[in-house]
Amino acid sequence: MPVPNALRNIAPTVWELPVGYKPGMLVPARIFATEKLLHAMDAGVFEQVSNVACLPGIINHAYCMPDGHWGYGFPIGGLAAMDPEAGVISPGGIGFDINCGMRLVLTNLTCDEVQPRLHHLVDQLFYRVPAGVGGHGFVRLSHDEFCRVVEQGSRWCLKNGYAWPEDLEMTEEGGCFPGADASKVSAKAVDRGYNQIGTLGSGNHYLEIQVARRENVFDEETARAFGITAPDQVVIMFHCGSRGFGHQVATDYLQTFLGVMEKKYGIQVNDRELACAPFRSREGQDYFAAMKCAVNMAFANRQVILHRIREVFADVFHRDPRDLGMNMVYDVAHNTAKLERHLVQGKMREVLVHRKGATRAFGPGMEGIPDCYRETGQPVIIGGSMETGSYLLAGMASGDQAFYTTAHGSGRTMSRHQAKKLFKGQKLQRDMEARGIYVQTVSYGGLAEEAGAAYKDIDDVVEATELAGLSRRIVKLTPVGNVKG
DNA sequence: ATGTTC
């Protein structure tokens with residue numbers, strides 16, 4: 001793919017489109033990538049990241065991570081920090097699947113211990129963690145009770161027996177963004193979401209049994225701090241978000257913003273998909289409060305899924321989940337907007353950070369990460385495709401160059417439509433089983449869309465984040481079992 | 001991503 005002529009190489013893994021690349025840019029646009037990944041990016045990335053650079057109140061740069069690709073308004077892999085007083089909030093900078101994120105859970109089992117029961121284990125997970133479009137969960141909630149879930153997130157789960165106390169500490173922001181207000185959420189969103197707690201969803205959402213092979217440990221000391229202590233230790237990784245609920249919240253407020261952006265607030269954008277409102281406006285604050293509900297719904301969703309996973313392991317291995325060492329490493333969000341304090345031009349100040357397909361990666365010693373990770377920096381979980389593996393990384397002090405943010409996954413190289421034409425789900429399932437990965441899916445078409453070859457090489461993506469100083473590799477994790485939504 | 005095109 002040809003890159004724009006105006007693109008300048010600032011450092012080996014940093015590329016910049018200067019102000020003036022297109023009219024209206026307030027700051028330069030920065031792309032983190034190796035030369036190989038840069039050339040694998042679609043033209044939409046350059047178009048979209050430079051459009052983001054035109055949004056009112058943007059600070060420093062508009063950014064795109066190494067796994068960046070074309071998305072709704074913002075690129076997926078997009079990062080933009082706004083001045084909360086003069087800037088805007090934009091749903092396109094967060095994504096439809098609000099608080100889509102990753103959770104990584106330990107076990108003290110080895111691959112050899114799991115292997116004889118792997119099929120049964122994956123089948124049970126497939127049966128007990130509902131997946132697929134329109135899937136509904138086993139938690140029966142009234143609409144009113146669901147409103148408490150979305151205001152309290154993981155705290156609701158703790159009160160209702162779905163969490164261990166320490167799970168909350170190992171979740172970004174304790175599993176609850178404060179200030180969530182269910183009265184800012186439409187009845188339609190509540191109606192779509194109230195029966196979706198504890199469900200995986202579809203698309204690239206999955207639940208995976210993985211192995212930390214000894215030869216894939218990059219930093220043994222940090223791995224140990226993250227709970228990876230034994231050769232061929234088995235871990236569980238899953239990826240999902242706020243389901244139909246978050247989707248409806250995003251849809252509702254995109255509509256609202258389109259109605260007021262120009263007429264009421266006089267804001268012009270290059271693309272209607274960048275619909276936004278001043279952060280301090282009524283509409284902006286309402287969306288922020290509703291978005292937090294979706295964030296908390298996703299935290300609660302992943303928490304209830306973890307509860308179900310623990311039940312399945314207890315049944316399959318006839319042992320208590322505590323005895324199986326099923327503690328969380330961490331839970332990271334990769335589709336959010338959040339007020340954070342950052343050093344901007346030598347001054348600590350509050351900024352509104354939009355991360356869309358981009359993971360917070362706080363470095364060592366920073367406020368807001370668990371004490372046990374103070375020395376190492378926060379754990380960062382980056383999911384690859386179901387065929388090629390995933391990574392556990394750590395935040396770095398040099399992450400300050402991008403508001404302590406890193407990549408979130410592989411990034412697609414082809415559309416879902418193309419992948420479906422190229423791959424056949426049933427054959428893929430057989431091929432993967434021959435290579436030691438047992439897959440269960442609700443949809444063979446959906447499986448084909450997620451073929452490893454439809455994604456960039458995860459090794460390339462994490463290498464780029466490390467070279468750029470955004471996050472460093474700790475352990476590569478290899479899949480042996482997968483439940484595909 | 002998504003009661004996958006109100």
Whole angstrom is fine here: how far is it from CG in D252(A) over to P in dC6(B)? 14 Å

Just how far, in rounded Å, is C1' of dT2(B) from OH of Y253(A)? 19 Å

For the residue pair Y162(A) and W156(A), categorise the inter-ring angle as parallel (less than 30°), tilted (30 to 60°) or perpendicular (more than 60°). parallel

Would you classify G241(A) as touching base, sugar-phosphate or nothing, given that sugar-phosphate means primed atoms plus P, OP1 and OP2, and contacts are heavy atoms under 4.0 Å? nothing

At under 4.0 Å between heavy atoms, what does K188(A) touch on the DNA or RNA strands: base, sugar-phosphate, or nothing? base

Reckon Q255(A) touches a base, only the sugar-phosphate, or nothing at all at heavy-atom distances under 4.0 Å? nothing

When rounded to whole Å, the CG to C1' distance for the pair L447(A) and dT4(B) reads 17 Å

In whole Å, I'd like the distance from the CZ atom of F245(A) to the C1' atom of dT2(B). 14 Å

Length of the CG-C1' vector between N335(A) and dT2(B), whole Å: 13 Å

Distance in angstrom units between Y72(A) OH and dT4(B) C1', rounded: 16 Å

Can you tell me if the side-chain N/O atoms of T251(A) get under 4.0 Å from OP1 or OP2 in dT2(B)? no

Between CG of N301(A) and P of dT2(B) the distance, given in whole Å, is 10 Å

Pairing residues for D459(A) by the salt bridge (Lys or Arg N to Asp or Glu O under 4.0 Å) criterion, not counting sequence neighbours: K476(A)

d(K184(A) NZ, D252(A) CG) to nearest 0.5 Å is 13.5 Å

Within this structure, what is the CZ-to-P distance between F96(A) and dT4(B), rounded to whole angstrom? 14 Å

Is there a side chain to side chain contact (heavy atoms under 4.5 Å, CB included) between V332(A) and V380(A) once you walk through the steps? CA-CA 7 Å; V332(A) 291; V380(A) 172; 5.6 Å; no

